[in-house]
There are 2 protein chains.
Amino acid sequence: MPSKPLQRTNLKQLAQELGLSISTVSRALNDSYEIAADTKERVRQKAQELGYEPNPYASGLRSRKSKTIGLVIPEVANNFFSLAIDGVEEIARANDYHVLIYLTHESHEREATIIQHLAGGRVDGILMSVASESPDASHLATLVESNVPLVFFDRVGEGIATARVTTDDYASGYRATEHLIEQGCRRVAYLLISDTLSIGQKRMEGYRAALQAHGLPTDASLIVPGTLDRDQNTRRIRELLEQDPAIDGIFASVETLAISSYEACQQLGRRVPEEVKIISFSNLATAAYLNPPLTTIRQPAYEMGKKAAEILFRAISKNRPVLPTQSAELQSTLVVRRSTGG
Amino acid sequence: MPSKPLQRTNLKQLAQELGLSISTVSRALNDSYEIAADTKERVRQKAQELGYEPNPYASGLRSRKSKTIGLVIPEVANNFFSLAIDGVEEIARANDYHVLIYLTHESHEREATIIQHLAGGRVDGILMSVASESPDASHLATLVESNVPLVFFDRVGEGIATARVTTDDYASGYRATEHLIEQGCRRVAYLLISDTLSIGQKRMEGYRAALQAHGLPTDASLIVPGTLDRDQNTRRIRELLEQDPAIDGIFASVETLAISSYEACQQLGRRVPEEVKIISFSNLATAAYLNPPLTTIRQPAYEMGKKAAEILFRAISKNRPVLPTQSAELQSTLVVRRSTGG
DNA sequence: TTTATTTACGGAAACGTTTTCGATAAAAAC
DNA sequence: GTTTTTATCGAAAACGTTTCCGTAAATAAA
């Protein structure tokens, strides 16, 4: 025997049971002003009793409100994004909204198809952190055309007129580099994820500026682009350290590259921090318990997710487009630990 | 000026443009057998040209298929769940499905309201890992009544007749405890999350059995329940170690408790592994780089997410209920590192 | 040739809401 | 006593699909 259909209670049944019209019941449940208070109560009671749950697809179709937002991020196995999701979900729940999650795995192609689907009206708004592979933001233009509110967080798409929630990447890059220099580093390598990513660029600008300000050369060979493969990254860093033994500092612009750096140093027998000092952008919960404890620039990931969601919901509720002027820049904090210590 | 409405192209417009009826166009796009091949091609071309994207709420309403699954988990800032999400998303994408994510934060109340909403037809199926606070699975009964397919992974709801994807928790608990004993531990504490959680129970049974098998007492005071607050957990562990100085081994049934254990040992100046050995269920990517490197029982989180999703989609596509007989038990692996070393 | 059968398509109902447009009675204003 | 307003509700259209049913032409069977 196939599964029983089992009729879910709908407005019609509820109305019949109450001896009211469908429209009245609908209005009562939506707390309309034209329904008497006692009627509302009676309807609510019955709805509760019958376990009525409105069909989201019917109301979505009619009202053109999906009560859903899309969250598009590169990956989830990453503390920054995990914490951001947490913040987003918090605000969404507070607004009675649902969250669709999509992972691009840094692929431009995946990102483009996801966006195309979302432009079809499945969501009322989108929060995203762009994939490192994305060469530009042209695939996001359709979104703007479709009038789907969009807010970037951390990794922004250049040239799209919308709000962005970022951290002080330039200043953080500067501060991190300066910290290494103050700790005695004279030759600092910079590990980045992708050349097209604006945050990587900004952090690198800060890095460059700090080196110059302290009269240190900004050698192009010191800048190492990473890949999506951790082992390959480790290999590259190892090669870098072997080919340029003078390197005494590593600035990882992203968490995974810090882990690869630890790996590389371990494989080469380089002692951290005595021979090589390491600093990294990271939200690792275990940074303090690593060997040695990792000096990090911690982004307020949870707050960024919250902030981005708040901006999005303000636009959704007011039915206004998201403006670039609503952008916010939060502060990262430098947490000094032994990996850059004396 | 308020935002332009900007008509999204729909079937009607597409049909008009092609000189065909709505039904024909719909069937062509759904690759129906009653449409000529050349007509299909012509329709597809035009749809592409006009950037047609079907309205998910209209089709969801009519077809009673949401093309969406719900993923209900306690938290996301946890490597196990992050990896599981990854696996789930992978399979969902392969099946052209969307994923709604919900976080319970271990709250039974949140979990219950989420489930109630999802029973309303928003999703075609649900994957979940129950909250530690949930006293029983009675709130999941409505789901079964509503005929919404459900698959548990890792943390299962007892008494619900559906499939579950778990790991060999009893055997892992036994093996972990035995490993500590083999390394010389004679008094092993067990840290658990919640008494109601079946996985905690099973792991603990393995722990007890291993102690008994080696002629060691299973003292009730050695079993310490954790809370949701990390600092509080650290305090409790510290108190435990102070009150019972003979404790030379800690078995953490969950990742955060291992971190708290490190913290507690550090605060008390107890050396790991010389004075206290620590082992933990964990999917930490940085386990090998902790100080000291943490011996872990690693669950195949990614594979569990994939497997659970696969079981769910098999049920959805065949329109059959999920059967308990489809359950799967995967193997965890013990990764020995220095935290339990000589 | 006549009659079935198949092929390819159109018309219209249906999914369960929200919302516009009235309708009615009671209350208030005149 | 008549008109206007207010409060409360119902009928029906609409949202954009999918799908049931019907049908004309083309083909096959008789």
Side-chain angles (χ1 to χ4, degrees), chain A residues 5-44 46-47 50-68 96 117 119-122 124 146 319, chain B residues 5-44 46-47 50-68 96 117 119-122 124 146 319:
Chain A
L6 195 128
Q7 187 97 318
R8 260 190 266 276
T9 52
N10 56 18
L11 270 189
K12 193 152 126 194
Q13 297 169 29
L14 197 52
Q16 210 148 28
E17 196 86 15
L18 284 159
L20 289 171
S21 77
I22 293 179
S23 42
T24 301
V25 176
S26 171
R27 273 183 285 232
L29 292 174
N30 289 328
D31 203 26
S32 162
Y33 70 98
E34 21 183 14
I35 301 299
D38 55 338
T39 310
K40 282 183 188 171
E41 195 45 41
R42 207 160 60 88
V43 172
R44 275 197 273 257
K46 203 65 170 180
L50 297 187
Y52 170 74
E53 197 65 42
N55 183 314
Y57 293 89
S59 63
L61 173 59
R62 174 60 229 230
S63 67
R64 294 165 174 291
K65 276 277 168 201
S66 66
K67 287 288 207 175
T68 305
D96 263 313
H117 279 142
R122 189 177 289 271
D124 294 344
S146 310
N319 201 24
Chain B
L6 194 126
Q7 187 99 316
R8 259 190 266 277
T9 51
N10 55 19
L11 271 190
K12 194 152 125 191
Q13 296 170 29
L14 197 51
Q16 213 148 28
E17 196 86 14
L18 284 158
L20 289 171
S21 76
I22 292 179
S23 43
T24 301
V25 176
S26 170
R27 273 182 287 229
L29 292 174
N30 289 327
D31 202 26
S32 161
Y33 70 96
E34 17 182 16
I35 301 297
D38 55 336
T39 309
K40 282 183 188 170
E41 196 44 42
R42 208 161 61 89
V43 171
R44 276 196 274 258
K46 203 64 170 179
L50 297 187
Y52 170 74
E53 197 66 43
N55 183 312
Y57 293 90
S59 64
L61 173 60
R62 175 60 230 232
S63 68
R64 297 165 170 290
K65 277 276 168 198
S66 65
K67 287 289 208 173
T68 305
D96 263 313
H117 278 142
R122 187 177 288 271
D124 294 343
S146 311
N319 201 25

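As the structure is a computational prediction, the values presented were derived from the model and not from experiment. Chain A is the first sequence line, chain B the second, and so forth, proteins listed ahead of strands; every chain is numbered from 1. Below, each value reflects all heavy atoms present in this structure, side chains not excepted, and no hydrogens, waters or symmetry copies.
When the nearest nucleotides of DNA chain D are assigned to Leu20(A) and Pro54(B) by heavy-atom distance, the more 5′-ward of the two goes with Leu20(A). Toward the 5′ end of DNA chain C lies the nearest nucleotide of Ala37(B), the other residue of the pair Ala37(B) and Ser63(B) mapping further downstream.
The shortest side-chain heavy-atom distance between Arg64(B) and Asn55(A) does not fall under the 4.5 Å cut-off. Side-chain contact between Arg42(A) and Leu20(A) is present, with at least one heavy-atom pair separated by less than 4.5 Å. With contacts defined as side-chain heavy-atom distances shorter than 4.5 Å, the pair Asp96(A)/Lys67(A) qualifies.
The backbone N or O of Glu41(B) sits nowhere less than 3.5 Å from a side-chain atom of Asp38(B) that would complete a donor-acceptor pair. Formation of a donor-acceptor pair under 3.5 Å by the Asp124(A) side chain with backbone atoms of Lys65(A) is not found in this model.
dG16(C) atom P lies 10 Å from atom OH of Tyr52(A), rounded to whole Å. We find that CG of Asn30(B) is positioned 17 Å from P of dG16(D), with the value rounded to whole Å. For the pair Leu11(B) CG and dC15(D) C1', the interatomic distance rounds to 13 Å; values are reported in whole Å. The nearest whole Å value for the distance from the CD atom in Gln16(A) to the P atom in dG16(C) is 13 Å. Note: CZ (Arg27(B)) to C1' (dT18(D)) measures 9 Å, nearest angstrom. Per the geometry, CZ belonging to Arg8(B) stands 15 Å off P belonging to dC15(D), to the nearest Å. Atom P of nucleotide dT18(C) and atom CG of Asn10(A) are separated by 12 Å, given to the nearest angstrom. Residue Leu14(A) contributes atom CG, which lies 12 Å from atom P of dT18(C) at whole-angstrom precision.
Salt bridge annotation for Arg8(A)-Glu53(A): absent, with no cationic side-chain nitrogen under 4.0 angstrom from a carboxylate oxygen.
Within residues 55-62 of chain A, the residues that have a heavy atom under 4.0 Å from DNA chain D are, in order of number, Leu61(A), Arg62(A).
Comparing dC21(D), dA8(C), dC9(D) by their closest approach to the side chain of Ala36(B) singles out dA8(C). Taking every side-chain heavy atom of Ser23(A) into account, dA12(D) is the closest of dA12(D), dC9(D), dT17(C). Residue Ser21(B) places its side chain closer to dG11(C) than to any other of dT17(D), dG11(C), dT20(C).
A side chain to side chain contact (heavy atoms under 4.5 Å, CB included) with Lys40(A) is found for exactly one of Ile35(A), Thr24(A), Leu29(A), namely Ile35(A). Among Val25(B), Thr9(B), Ile22(B), the single residue meeting the side chain to side chain contact (heavy atoms under 4.5 Å, CB included) criterion with Leu14(B) is Val25(B).
Closest of all the heavy-atom pairs between Pro56(B) and Tyr57(A) is O-CD2, 3.9 Å.
Considering only side-chain N and O atoms, Arg64(B) lies under 4.0 angstrom from the phosphate OP1 or OP2 of dG16(C).
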N/O to N/O distances under 3.5 Å, protein versus nucleotides 22-25 of chain D:
none

Query raised in the report: Does the side chain to side chain contact (heavy atoms under 4.5 Å, CB included) test come out yes or no for Arg122(A) and Thr68(A), once each step is laid out?
Result: CA-CA 7 Å; Arg122(A) 189 177 289 271; Thr68(A) 305; 5.8 Å; no

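Within the helix from dT1(C)-dA30(D) to dC30(C)-dG1(D), the inter-axis angle between the opening and closing five-pair segments is 50°, rounded to 10°.
Note that the CD atom of Gln13(A) and the CD atom of Glu17(A) stand 8.5 Å from one another [nearest 0.5 Å].
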